Engineer: 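This is the structure I want to talk about, given as structure tokens.
When reading the values below, keep in mind they use all heavy atoms of this one structure, side chains included, and skip hydrogens, waters and symmetry mates. All values derive from a computational prediction rather than experimental measurement.
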Amino acid sequence: KLKYDGSVNVKWFGAVGDGVNDDTQIIQIVLDYANTNNNIVFIPNGTYMINSTKNGTYYGLMMHDNTYLILSPNAILKAIPNDSTNYSIIQINNKTNVTIEGGTIEGERNNHTGTVGESGMGIYVVGSNKINIKDMTIKNCWGDGIYLSIDANNNYSSNIVISNVISDNNRRQGMSIVSAYNILVTHSWFTNTNGTGPSAGVDLEPNISNYPNKEITFIDCHFINNDGYAVVAGNYNDNHNINFDQCKLVAGHNGWAIWFSTPEKQISRFTNCTIKGPAVYLINAICDNCFFYKDANWTKSSYVITCSYDNFTKFNNCKIYAKGTRPLYIEGSATKSTAKVFNGCKIITDGDGAGNKTMVVFLTSEFYLSNCIFDHVGTEPVDGFVVEGGFSQKAENTLFSPVYRHYYNTQGVSENYGIASVKDGDTIPHGLFRTPSIVNITTTVENHIASVTSDSTNLTIHLTDNSGNAITTAENIYWFAKV
């Protein structure tokens, strides 16, 4: 008996691909045939209408073990309009070694005939292993573009690679990861999610807390203009070792860039990422060489970064840029082990849009600043900005621009440590740092020399010219402080 071992074209079996006729049954017959005969299934250009609602024990097109499905670049699998709360155009249920490549998967959100539910999926993966989804667009789904989950027996979806995928204009999520293990997502875009919450580019949200997401990595991915979140991982214990490398996360103007939490000792990392819009919570996370940016067009928060829980967060060599808004709101760390740490970071306020004498930096509870620069560009507010904080802090070799010249501590004492416009002999309350020893102080005027002495209450500024003559006209100084 002869056996054909090449790829099989669904049109050989009668699929039409005219955007009108229902091609579901014929394409499923081809998938079943290919599974028996170890063939690749090929879908040529055309629009193939798929009945994505429940049919027997599955939804839409059911993949088998060892299936390789290739869609031509202009091939579309499109859901037939329905009123179902749940559907999937393609389902991979307890299967191993499945690849889906090319073309477009398109939902029916614009023609959905129902009004409730949020679980109409493009590709639904449950309890499956060794899955590869690549080089395709998934769009306009009533729920999520891609959904990865455990099955009814709590078997993980695992060892999944998603590459060069665009998930756009889906109603609930670009992708949901619900109890999955060892997932790699590369060179993919999750954009324009809108319609019902959470409305995230990617949502990492296990439904069962004993089955957390583990070892999830995103490389060179873009999460852009999603209504709710660029990325959200909101349940504290449910996400272990989640990593973003060279990614771009940009919030919709009414949303969040990051809302992210991971449990202690299960650190998540953001490395070489660009994050635009408000970033909040970042619980047990390390950010290396990241750029954070927010301007007044993002309205969800007044701050670029908010960290307000008793959990560890560390920022290494990051740039935090606040244009007409406020850079940092840091609180909640009760012990040194959960301190918020900023090492080698540059924090910039731009313009006076945050408001004259406004609190733009809030630093309280346990935090550490090491080799950081707080700088300002553009128009300055007349009276500068306010730094507010408590006294359980440590700062080493950290420079504050003169614009940050007011300090208010959370014990209710208002102080002005006036690092701008001082002259020889002026005194400054210690303010932000309880008992600092100044390791360096410089004036902005060429050929002038600045130094400082300190007692238990004040810093005394000494300003002279090169000949040792006291400077009696006020000028700006910069200073480094060390506790």
Side-chain angles (χ1 to χ4, degrees), residues 236 258 260-262 264-265 267-270 275 278-290 292 294 301-322 325-349 354 358-375 385-401 403-413 415 417 419 429-439 479-483:
Y236 173 74
I258 302 174
F260 213 85
S261 62
T262 47
E264 187 177 357
K265 298 182 180 179
I267 300 297
S268 292
R269 290 182 178 270
F270 295 81
I275 298 130
V280 294
Y281 301 131
L282 285 167
I283 296 172
N284 294 316
I286 296 176
C287 300
D288 292 317
N289 301 304
C290 291
F292 293 84
K294 179 186 175 302
S301 172
S302 298
Y303 292 89
V304 181
I305 294 174
T306 301
C307 293
S308 57
Y309 283 89
D310 186 18
N311 300 100
F312 167 82
T313 310
K314 188 172 185 179
F315 300 86
N316 296 315
N317 302 309
C318 293
K319 184 177 181 180
I320 300 159
Y321 199 107
T325 186
R326 311 172 187 186
L328 296 178
Y329 189 98
I330 306 299
E331 66 172 353
S333 294
T335 65
K336 295 184 186 302
S337 64
T338 60
K340 311 300 188 291
V341 177
F342 293 82
N343 178 44
C345 295
K346 188 170 186 178
I347 298 93
I348 299 174
T349 47
T358 298
M359 184 194 71
V360 296
V361 176
F362 182 80
L363 300 167
T364 188
S365 64
E366 290 284 347
F367 73 83
Y368 296 90
L369 304 174
S370 177
N371 298 300
C372 294
I373 297 174
F374 287 74
D375 205 355
F385 291 138
V386 175
V387 175
E388 182 170 329
F391 281 135
S392 300
Q393 311 97 351
K394 182 176 181 180
E396 296 179 335
N397 297 335
T398 291
L399 170 68
F400 279 80
S401 163
V403 74
Y404 300 93
R405 57 179 170 266
H406 302 287
Y407 174 70
Y408 176 80
N409 77 54
T410 54
Q411 298 174 0
V413 180
E415 300 172 346
Y417 64 89
I419 58 175
H430 281 306
L432 183 61
F433 310 110
R434 178 182 282 177
T435 55
S437 60
I438 302 303
V439 297
W479 58 292
F480 291 85
K482 182 175 182 180
V483 175

Engineer: Are the side chains of F292 and C290 in touch, meaning some heavy atoms are under 4.5 Å apart?
Structural biologist: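 Yes; the side chains approach each other to less than 4.5 Å.
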Engineer: Would you mind reporting whether I258 and I275 have side-chain heavy atoms less than 4.5 Å apart?
Structural biologist: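 SC-SC contact between I275 and I258 confirmed.
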Engineer: Is any side-chain heavy atom of T349 closer than 4.5 Å to a side-chain heavy atom of T325?
Structural biologist: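 Side-chain contact under 4.5 Å: no.
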Engineer: Rounded to the nearest 0.5 Å, how far apart are CG of N289 and SG of C345?
Structural biologist: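 Rounded to the nearest 0.5 Å, the CG-SG separation comes to 9.5 Å.
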Engineer: Checking T338 now: which residues fulfil side chain to side chain contact (heavy atoms under 4.5 Å, CB included) with it, not counting sequence neighbours?
Structural biologist: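 Scan of T338 (side chain to side chain contact (heavy atoms under 4.5 Å, CB included), adjacent residues dropped) gives D310, S333, T335.
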Engineer: Can you sort out the partners of S308 under side-chain hydrogen bond (donor to acceptor under 3.5 Å, both in side chains), two or more places apart, ordered by chain and number?
Structural biologist: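 Once residues adjacent in sequence are excluded, S308 has no partner under the side-chain hydrogen bond (donor to acceptor under 3.5 Å, both in side chains) criterion.
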Engineer: Roughly how far, to the nearest 0.5 Å, is the CZ atom of F362 from the SG atom of C307?
Structural biologist: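 Going from SG on C307 over to CZ on F362, the span is 12.5 Å.
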Engineer: Test of understanding: with side chain to side chain contact (heavy atoms under 4.5 Å, CB included), list the residues that count as partners of Y303, not counting sequence neighbours.
Structural biologist: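 Partners of Y303 under the side chain to side chain contact (heavy atoms under 4.5 Å, CB included) test: S301, T306, R326, Y329, M359.
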Engineer: Mind listing the side-chain donor-acceptor pairs of residues 314-322 below 3.5 Å, one per line with the distance, residues two or more places apart or on another chain?
Structural biologist:
from, atom 1, to, atom 2, distance (Å)
N316, ND2, D288, OD1, 2.7
Y321, OH, D350, OD2, 2.6

Engineer: Output the distance between atom OH (Y309) and atom OH (Y281), rounded to the nearest 0.5 Å.
Structural biologist: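 Answer for the OH-OH pair, Y309 versus Y281, is 5.0 Å.
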Engineer: What I'd like to find out is whether the side chain of F270 reaches to under 4.5 Å of the side chain of L282, using heavy atoms alone.
Structural biologist: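 They are in side-chain contact.
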Engineer: Are P327 and F374 close enough that some pair of their side-chain heavy atoms sits under 4.5 Å apart?
Structural biologist: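 Heavy-atom side-chain distance check fails, nothing below 4.5 Å.
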Engineer: I'd like to know whether N371 forms a side-chain contact (heavy atoms from CB on, under 4.5 Å) with N343, so could you lay out the CA-CA distance, the side-chain angles of the two residues, the decisive distance to 0.1 Å, and finally the verdict.
Structural biologist: CA-CA 6 Å; N371 298 300; N343 178 44; 4.3 Å; yes
Engineer: Kindly give the heavy-atom pair with the smallest separation between C372 and F342, and that separation in Å.
Structural biologist: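 Shortest heavy-atom contact: SG-O, 3.3 Å.
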Engineer: Would you give the length of the straight line joining atom CD1 of I330 to atom CG of L369, rounded to the nearest 0.5 angstrom?
Structural biologist: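 Going from CD1 on I330 over to CG on L369, the span is 9.5 Å.
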Engineer: Within this structure, what is the CG-NZ distance for the pair L363 and K340, rounded to the nearest 0.5 Å?
Structural biologist: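 Going from the CG atom of L363 to the NZ atom of K340 covers 11.0 Å.
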Engineer: Answer yes or no: is there a donor N or O on one side and an acceptor on the other, between the side chain of N284 and the main chain of T262, under 3.5 Å?
Structural biologist: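 Such a contact is found between N284 side chain and T262 backbone.
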Engineer: With sequence neighbours excluded, what pairs up with S268 under the side-chain hydrogen bond (donor to acceptor under 3.5 Å, both in side chains) test?
Structural biologist: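 With neighbours one apart ignored, the set is empty.
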